[in-house]
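See structure below.
Only a predicted model underlies this, so the values are computations on that prediction, with no experimental measurement involved.
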Amino acid sequence: MNRTAKNMLTGLIAALAVVACVSFYMKTEAPVPDYTEKGAELVTENTEVPWGGKSKYYFIQLSDIEKHAYNNILNEIESFPKRVEVPALNEDELNRVFEAIFYDNPTLFFLERKCSLRRVGRETYFYPQYFMTKEAYGVRRQELSAEAGKALALVRGVTGDFEKELILHDWVLDKCVYGKNETFEESTAYGAIVTGTASCEGYSKAMKYLLEEAGVECYVMCGESQNSGGESQSHMWNVVKISGDYYHLDATWNDPVTQEGSPVQRYNYFNLTDAELSLTHSGYTNLNPCTATKENYYVKSGLYFETYDGAARDRIVSVIAGTADAGKDQFELKFASEEAFSFALEKFFEQNEIYKLLARADRRTDAKINSREASYIVNEKHTIIKIIFKFND
């Protein structure tokens, strides 16, 4: 113990996404007729809309009358109309339509969360409210496209969905820091991508926008998560479709800060199953079960271990050498069970095996690994060990 500065941290104190999901204020003015009164006049097909988000996860859950209202609004809203004619909706239907529009379309950051439905003669109109003018939005929309283009240039020519997801995830985490939800922009893709400050909603909408532009199906998910004190608070993350299977992706929780305020990038919440996400997240309904594991970050990256044995040690030596060759001084390992996790942790730092592994790795690289010092951080819930080592001068 005296030849190294071992440092066990049971978790990072993170500024995680604990800001409430979208809260809407809906208002209906004057009684509106039943849908059946005008049903013959409505077009209820699942019509393609000309812009907005590409993954219409919330749109497809709407009824025919709600889909018709959704399409009417989306087809006109970019022109900043005072009102849009829609079918007669009750308050619950209006709420579902407006939520779907907000969740499906991350570029609609000019809309306030308040709207109303009014009867004018025999017609019913949707009245939106705007955060900004049409001219101001035009400027910000161009800024969003330009900045997002820098990220999308990185995946040009990349064919794998996982690889696209990883590149864009890392770009967002490098670009953005978690905000305190002090401005409306922090809850938008614009905030995450352009200004570099966002709440959980901003992170998730940025990931949806970028992944969709890169051809990867993605939608936002709203529910609850446990903060560092174990309390449940509203939260937003993503579900992505990678190589035919659905996974949970929480970019915000992959971008925490330490108690000292230093940012830390990690992959603990990169492509999780429902079962693993349920350790920290709850209160959501997802139509696409997330049960596959092959595109989980640790599985895909060769950092997942069923057991800690001789073969695992050889793999870990290769991981250390590869990490050092890349100029990095830390890596993460995920274990399949609490038993394997605890056994490996004991071997690493109680029986000092980590120094032997560092020494073996040093012989495979010119990076001059210091085999006498190492520290670690553990995530017990997700059975992950992060190991930090040093280089010799």
Exercise. Quick one: are Y103 and C222 in side-chain contact, heavy atoms under 4.5 Å?
Worked result: yes
For this session: Compare all side-chain heavy atoms of V120 with those of R83 and state whether any distance is below 4.5 angstrom.
Result: yes
Exercise. Do the ring centers of F80 and Y130 come within less than 6.0 Å of each other?
Worked result: yes
Exercise. Could E123 and R119 be called an ion pair, given the rule that one side-chain N must be under 4.0 Å from one carboxylate O?
Worked result: no
For this session: Give the ring-plane orientation class for Y355 versus F349, where under 30° counts as parallel, over 60° as perpendicular and anything between as tilted.
Result: perpendicular
Problem set entry | Heavy-atom closest pair, residues T273 and A292 | CG2-O, 3.2 Å
Exercise. CG of N105 to CD1 of I73: how many Å apart, nearest 0.5 Å?
Worked result: 11.0 Å
For this session: Please round to the nearest 0.5 Å and tell me the distance separating atom CG of D250 and atom CZ of F270.
Result: 12.0 Å
For this session: Would you indicate whether the side-chain heavy atoms of P128 and I77 approach each other to under 4.5 Å?
Result: yes
Exercise. Side chains of V240 and E217: does their closest heavy-atom pair fall under 4.5 Å?
Worked result: no
Exercise. Should the pair R113-E201 be classified as a salt bridge under the 4.0 Å nitrogen-to-oxygen rule?
Worked result: yes
Problem set entry | Electrostatic pair K294-D245, nearest N-O below 4.0 angstrom | yes
For this session: Could you pull out the closest heavy-atom pair between H68 and P87, with the gap in Å?
Result: CD2-CG, 2.9 Å
Exercise. Can you tell me if S79 uses its side chain to pair, donor with acceptor, with the backbone of E76 under 3.5 Å?
Worked result: yes
Exercise. When rounded to the nearest 0.5 angstrom, what distance separates CD1 in I193 from CE in M207?
Worked result: 9.0 Å
Problem set entry | Side-chain donor-acceptor contact under 3.5 Å, T365 with D325 | yes
Exercise. Hey, are R140 and E185 close enough for a salt bridge, meaning a charged N less than 4.0 Å from a carboxylate O?
Worked result: yes
Exercise. Does a side chain donor of either D274 or H248 reach within less than 3.5 Å of an acceptor in the other side chain?
Worked result: yes
For this session: Compute whether any side-chain donor of one residue and acceptor of the other, for D309 and T307, lie under 3.5 angstrom apart.
Result: yes
Exercise. Less than 4.5 Å apart, any side-chain heavy atom of Y376 and any of K386?
Worked result: no
Exercise. Step by step, would you call S371 with R360 a side-chain hydrogen bond (donor to acceptor under 3.5 Å, both in side chains)?
Worked result: CA-CA 9 Å; S371 61; R360 287 176 58 189; over 6 Å; no
Exercise. Counting only N and O atoms by type, is there a donor-acceptor contact under 3.5 Å from the side chain of T383 to the main-chain atoms of F335?
Worked result: yes
For this session: Say whether Y190 and E143, considering side chains only, have a donor N or O and an acceptor N or O under 3.5 Å apart.
Result: yes
For this session: Assert yes or no for the condition that the ring centre distance of F348 to Y308 is strictly below 6.0 Å.
Result: yes
Exercise. Between the side chains of N286 and Y219, does any donor sit under 3.5 Å from an acceptor?
Worked result: yes
Exercise. What's the verdict on salt bridge (Lys or Arg N to Asp or Glu O under 4.0 Å) for E78 and K134, showing C-alpha distance, side-chain angles and the deciding distance?
Worked result: CA-CA 8 Å; E78 191 177 21; K134 181 179 179 180; over 6 Å; no
Problem set entry | Polar side-chain atom of S55 near backbone of C218 as donor-acceptor pair, under 3.5 Å | yes
Exercise. Are S63 and R96 close enough that a side-chain donor and a side-chain acceptor fall under 3.5 Å?
Worked result: no
Seminar exercise, completed: So CE of M236 and OG of S225: to nearest 0.5 Å the spacing works out to 11.5 Å
Exercise. Is it true that the side chains of Y267 and D170 contain a donor and an acceptor less than 3.5 Å apart?
Worked result: yes
Problem set entry | K347 side chain near E353 side chain, heavy-atom distance below 4.5 Å | yes
For this session: Work out which heavy atom in L168 is nearest to a heavy atom in A151; give both atom names and the distance.
Result: CD2-O, 3.7 Å
Exercise. Where is the tightest heavy-atom contact between L358 and N370, given as atom of each residue plus distance?
Worked result: CD1-O, 4.0 Å
Exercise. In the single-linkage hydrophobic clustering (I, L, V, M, F, W, Y; side-chain heavy atoms under 4.5 Å), do L249 and L154 co-cluster?
Worked result: yes
Problem set entry | Close side-chain approach of D329 to F391, heavy-atom, < 4.5 Å | yes
Exercise. Sub-3.5 Å donor-acceptor pair from the side chain of D161 to the main-chain atoms of V216, do we have one?
Worked result: no
Exercise. Within the side chain of Y127, is there an N or O that forms a donor-acceptor pair under 3.5 Å with the backbone of V84?
Worked result: no
Exercise. Side chains of L111 and F109: closer than 4.5 Å at any heavy-atom pair?
Worked result: no
Problem set entry | Whether K164 side chain and L211 backbone form a donor-acceptor pair below 3.5 Å | no
Exercise. Does E338 CD have over 12 foreign heavy atoms under 6.0 Å away?
Worked result: no
Exercise. Would Y298 and F305 count as a close aromatic pair, with their ring centres under 6.0 Å?
Worked result: no
Problem set entry | Donor-acceptor under 3.5 Å (D255 side chain, A251 main chain) | no
Problem set entry | Closest non-hydrogen atom pair, N379 against N268 | ND2-ND2, 2.8 Å
For this session: Could you tell me whether W237 and Y203 have their ring centroids closer than 6.0 angstrom?
Result: no
Exercise. Which class fits the ring pair Y269 and W253: parallel under 30°, tilted 30 to 60°, perpendicular over 60°?
Worked result: perpendicular
Seminar exercise, completed: The reported gap from CD1 in I60 to CG in D104 (rounded to nearest 0.5 angstrom) is 8.5 Å
For this session: Inspect the contact between E276 and K381 and indicate whether a charged nitrogen and a carboxylate oxygen are less than 4.0 angstrom apart.
Result: no
Seminar exercise, completed: The reported gap from CD1 in I385 to CZ in F341 (rounded to nearest 0.5 angstrom) is 5.0 Å
Problem set entry | Main-chain N/O of I369 paired to D362 side chain as donor or acceptor, under 3.5 Å | yes
Problem set entry | Heavy-atom donor-acceptor pair, N296 side chain to N271 backbone, under 3.5 Å | yes
Exercise. What's the shortest heavy-atom distance between N238 and S204, and which atoms?
Worked result: ND2-O, 2.9 Å
Exercise. Once the angle between the rings of Y297 and F162 is folded into 0 to 90°, is it parallel (under 30°), tilted (30 to 60°) or perpendicular (over 60°)?
Worked result: parallel
Exercise. Sub-3.5 Å donor-acceptor pair from the side chain of N75 to the main-chain atoms of N71, do we have one?
Worked result: yes
